[in-house]
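Just so you know, these numbers use all the heavy atoms, side chains as well, and skip hydrogens, waters and symmetry mates. Naming convention: chains lettered A, B, ... in sequence-line order (proteins, then strands); numbering from 1 in each chain.
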Amino acid sequence: MASSGAKKVRSKEKPGNSPAMLPTLTPSERVDLLRKMVLIRRFEQKAAQAFMQAKIRGFCHLYIGQEAVAVGSISTLHPTDAVITAYRDHGHALARGMSSRECMAELFGKITGCSRGKGGSMHFFSKEKHFHGGHGIVGGQTPLAAGIAFAQKYNGTGEVTVCYLGDGAVNQGAFHEALNLAALWKLPVIYVIENNEYSMGTHQSRSSAGYPLVKRADGYDMAGITANGNDVDDVREKMWDAVQLARTESLPSLVEIKTYRYRGHSMSDPGNYRTKEEIAERKKESEPISMFKERLYKEKVLTEKEYEEIERQSVAEAEDAIAFAEASAEPEVATVFEDIHAPEDQIAEFRPPIGS
Amino acid sequence: MAVITMREALNQALSEEMERDGRVILMGEEVAEYQGAYKVSSGLLQKFGAKRVLDTPISESGFAGLGVGAAMQGLRPVVEFMTWSFSMVAYDQIVNNAGAIRYMSGGQYSIPIVFRGSSGAGLQVGATHSHTPENWYANVPAMTVITPAFPDDAKGLLKSAIRSNNPVCFIENEKLYGFKGEVPEGDVLTTIGQARICREGSQVTLIANSASTHVALASAEQLAADGISAEVVDLRTIKPLDIPTILASVVKTSRVVIVEENKPFAGWGAQVAYEIQHRAFDSLDAPIERVTGLDVPQPYARVLEQAVMPSAERVTEAAKKTLG
């Protein structure tokens, strides 16, 4: 389902080895994809409620409507592959297997949060799950992704890096510098533009010249691939090509995934730049969870009753995460001076105690 | 002990650390094939190969961030800015990524990276190429900021910086690359965060760093000719500051002149002055004087630029002022 106008660019006419085929998922694995999408939706809805109750502060960017992108793309990765994204990071963290509890606790600023309450909504991290943030400056994560991929290649691990960015980030200099370096040095990195059409409140028609955005790959002689972000199967299929290219040939690619967010840019956004009708229409024609659910019904791998059970479990997990976050302790004030510097082990510690 | 230039000392440090640790890589503009814009990386490509010594495109934000990402994965990159004046286009990567990822992640990551390169004014390269940015980077909580003045310190401190598990801004001064001094051979480290008394004296303390240390030493000669005994403290490291060494000298002389090439507003000298008045108020016999670069963009014309730079004459005048 490549969008019109997108040219598929390959740096080689034919890959040296024919890439492995996209693995066919078992029925239960397909249901798991749906389960993850529903969990992200319910988690975000609970987070929105908690934000309205002022239990979550600061900025809070929800992933509602974009679930198929993170779930579909991350399902094509090995557990040790790297994932890095921008500030709308809750969905990717959950899709990567971070727990609802540690994520919600981070939103609540609790010591049990995935970043010990120091990151907040925009700065989730789990080194253990190879989820390298959660980055707050638009496009700022894109050179980091090139560096992670550089290290993967340097160490010959066979791992790849997936870096998500929004459609607003394509006009940042750092993004272009990163694409050039990735292509020049043949780094195993996949840049995924989650094109939800709006950079904050500015429609892409008023912020970007040159469509489709994936054309930016051409200038760097990178593979350019597009996918329908409302269709988790299409995301998986197209991402698989990009991941194989990175894994088997150490070549980067740019994947543009068309999606749509149903909520504001952040919880602080009244959304005056688009109509309620526009949102309703987009939901009606291509809501990713309903679309996939209906497909699974047709495939007879899911019954309505089973779906209800998924809903019930997802709501329960999100509520449990809220309860866990509420019950968790605030960070001790003394922790404000922790996590600034890593301990030294090759030279003597040379810093005076903080506050001395 | 061998007498070598600052650039040779830096080259030895890089070479020895790359030899010792396969995770150390060097990247930057012209560091490989060209052998370094200032020849600091001369011969390293031949010794360690293109996998570890990498010419980058002119993309400071891109390659500085790439270095941070590689450090998050356990490599120990040395990222060269041809001059620190160019680091400003990488400021977000240095401040927000190198400077905050460990903290923002609750301590999950170490960022063992060294950003290094030349800096400073005085060679008539105009406003865009003359910055001394140590105070900008010292304002980043996680950052270590090192500014060597002598070849032995350049080598010993760079080796320590590469072995640190935390981000370091290692700010060299272009005027000093050809400066020669005795440098011990082999694996000799200089401790980060320790100032050096490079001339003992009793009546006034001149506190300086990097090229300004040499300005202070020249002033101390002038003062000696007038019968005034000046002590010169080379900070070596701007962050963390070696406050005990500073205070010991202040207690001894009771008078202070701070010499810094950067602009005056919120320059590191303001912090040093604060620390002294706060901790050794009763030891002071005169207000602390500062001699800084003048608060103007760096001009090109020689006569204008020389007026802007701290000079031995300005330092001598300030020192005499503290003596009444």
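- Between the CZ atom in A/F150 and the CE atom in B/M27 there is a gap of 4.5 Å [rounded to 0.5 Å].
- Looking at heavy atoms from C-beta onward, B/R52 lies in side-chain contact with A/Y154 at the 4.5 angstrom threshold.
- Interface remark: A/E106 contributes no atoms to any contact with chain B (heavy atom separation under 4.5 Å).
- Taking all atoms of both residues into account, the shortest heavy-atom contact from A/W185 to B/T56 is CH2-CG2, 3.8 Å.
- Each of B/P240, B/S164, B/A64 has some count of heavy-atom pairs under 4.5 Å with chain A, and the biggest count is that of B/S164.
- In terms of heavy-atom pairs under 4.5 angstrom with chain B, the leader among A/G140, A/A178, A/G117 is A/G140.
- Scanning both residues, A/F131 and B/Y109, for their nearest heavy atoms gives O-OH, 3.5 Å.
- Here the shortest heavy-atom pairing between A/K127 and B/Q108 reads N-OE1, 2.7 Å.
- Only the side chain of B/I25 comes within less than 4.5 Å of a heavy atom of chain A; its backbone N, CA, C and O stay farther away.
- A/L184 touches chain B through its side chain: at least one heavy atom from C-beta onward sits under 4.5 Å away, while N, CA, C and O do not.
- Both the backbone and the side chain of A/D345 come within less than 4.5 Å of a heavy atom in chain B.
- Inter-residue side-chain proximity for B/D242 and A/F350 is flagged as unmet; no heavy-atom pair is nearer than 4.5 Å.
- When every heavy atom of B/N165 is checked against every heavy atom of A/E344, the shortest pair comes out as N-OE1, 2.8 Å.
- Among A/K153, A/E177, A/E338, the residue making the largest number of heavy-atom pairs under 4.5 Å with chain B is A/E177.
- At a 4.5 Å heavy-atom cutoff, the contact between B/L189 and chain A is made by side-chain atoms alone.
- Of all the listed residues (B/A142, B/S160, B/P141), the one sharing the greatest number of non-hydrogen pairs under 4.5 Å with chain A is B/A142.
- If you measure heavy-atom distances from A/I340 to chain B, the contacts under 4.5 Å come from both the backbone and the side chain.
- Interface remark: A/I137 contributes side-chain atoms only to the contact with chain B (heavy atom separation under 4.5 Å).
- Atom CD of A/E349 has more than 12 neighbouring heavy atoms from other residues, nucleotides or ligands inside a 6.0 Å radius.
- Residue B/T237: no heavy atom, backbone or side chain, is found under 4.5 Å from chain A.
- In this structure, B/T144 OG1 and A/H341 NE2 are separated by 5.0 Å, a value rounded to the nearest 0.5 Å.
- With chain B as the partner, the residue from A/A151, A/P343, A/A182, A/A342 showing the most heavy-atom pairs under 4.5 Å is A/A342.
- More than 12 non-hydrogen atoms from other residues, nucleotides or ligands lie less than 6.0 angstrom from CD1 of B/I197.
- The neighbour count for A/F59 CZ, taken as heavy atoms of other residues, nucleotides or ligands under 6.0 Å away, does not exceed 12.
- Shortest non-hydrogen contact noted between A/L181 and B/P57 is CD2-CD, 3.4 Å.
- Only the backbone of B/E60 comes within contact range of chain A, judged by heavy atoms closer than 4.5 Å.
- With values rounded to the nearest 0.5 angstrom, A/L187 atom CG is found 6.5 Å from B/L66 atom CG.
- Here the closest non-hydrogen pair linking B/S61 and A/A174 is OG-CB, 3.7 Å.
- Most heavy-atom pairs under 4.5 Å with chain B: of the set A/R116, A/H132, A/M122, this distinction falls to A/H132.
- The choice from A/Q346, A/Q152, A/H176 that makes the most heavy-atom pairs within less than 4.5 Å of chain B is A/Q346.
- Other residues, nucleotides and ligands contribute over 12 non-hydrogen atoms within 6.0 Å of the CD atom of B/Q46.
- Note: A/R351 CZ to B/I192 CD1 = 7.5 Å, rounded to the nearest 0.5 Å.
- No other option in B/N97, B/L241, B/N96, B/V68 has as many heavy-atom pairs under 4.5 Å with chain A as B/N97.
- By the 6.0 Å contact criterion, CZ on B/R20 is enclosed, its count of non-hydrogen atoms from other residues, nucleotides or ligands being greater than 12.
- Rounding to the nearest 0.5 Å places NZ of B/K159 at 12.0 Å from CD1 of A/I347.
- Taking a 6.0 Å sphere around CG of B/N139, one finds it holds 12 or fewer heavy atoms contributed by other residues, nucleotides or ligands.
- Both the backbone and the side chain of A/V336 come within contact range of chain B, with heavy atoms under 4.5 Å apart.
- The distance from atom CD1 of B/I58 to atom CG of A/N180, rounded to the nearest 0.5 Å, is 11.0 Å.
- Side-chain contact between A/H123 and B/S105 is absent, with no heavy-atom pair separated by less than 4.5 Å.
- At a threshold of 4.5 Å between non-hydrogen side-chain atoms, the residues A/N155 and B/Q73 do not count as touching.
- In terms of heavy-atom pairs under 4.5 angstrom with chain B, the leader among A/P331, A/S126, A/G133, A/G136 is A/S126.
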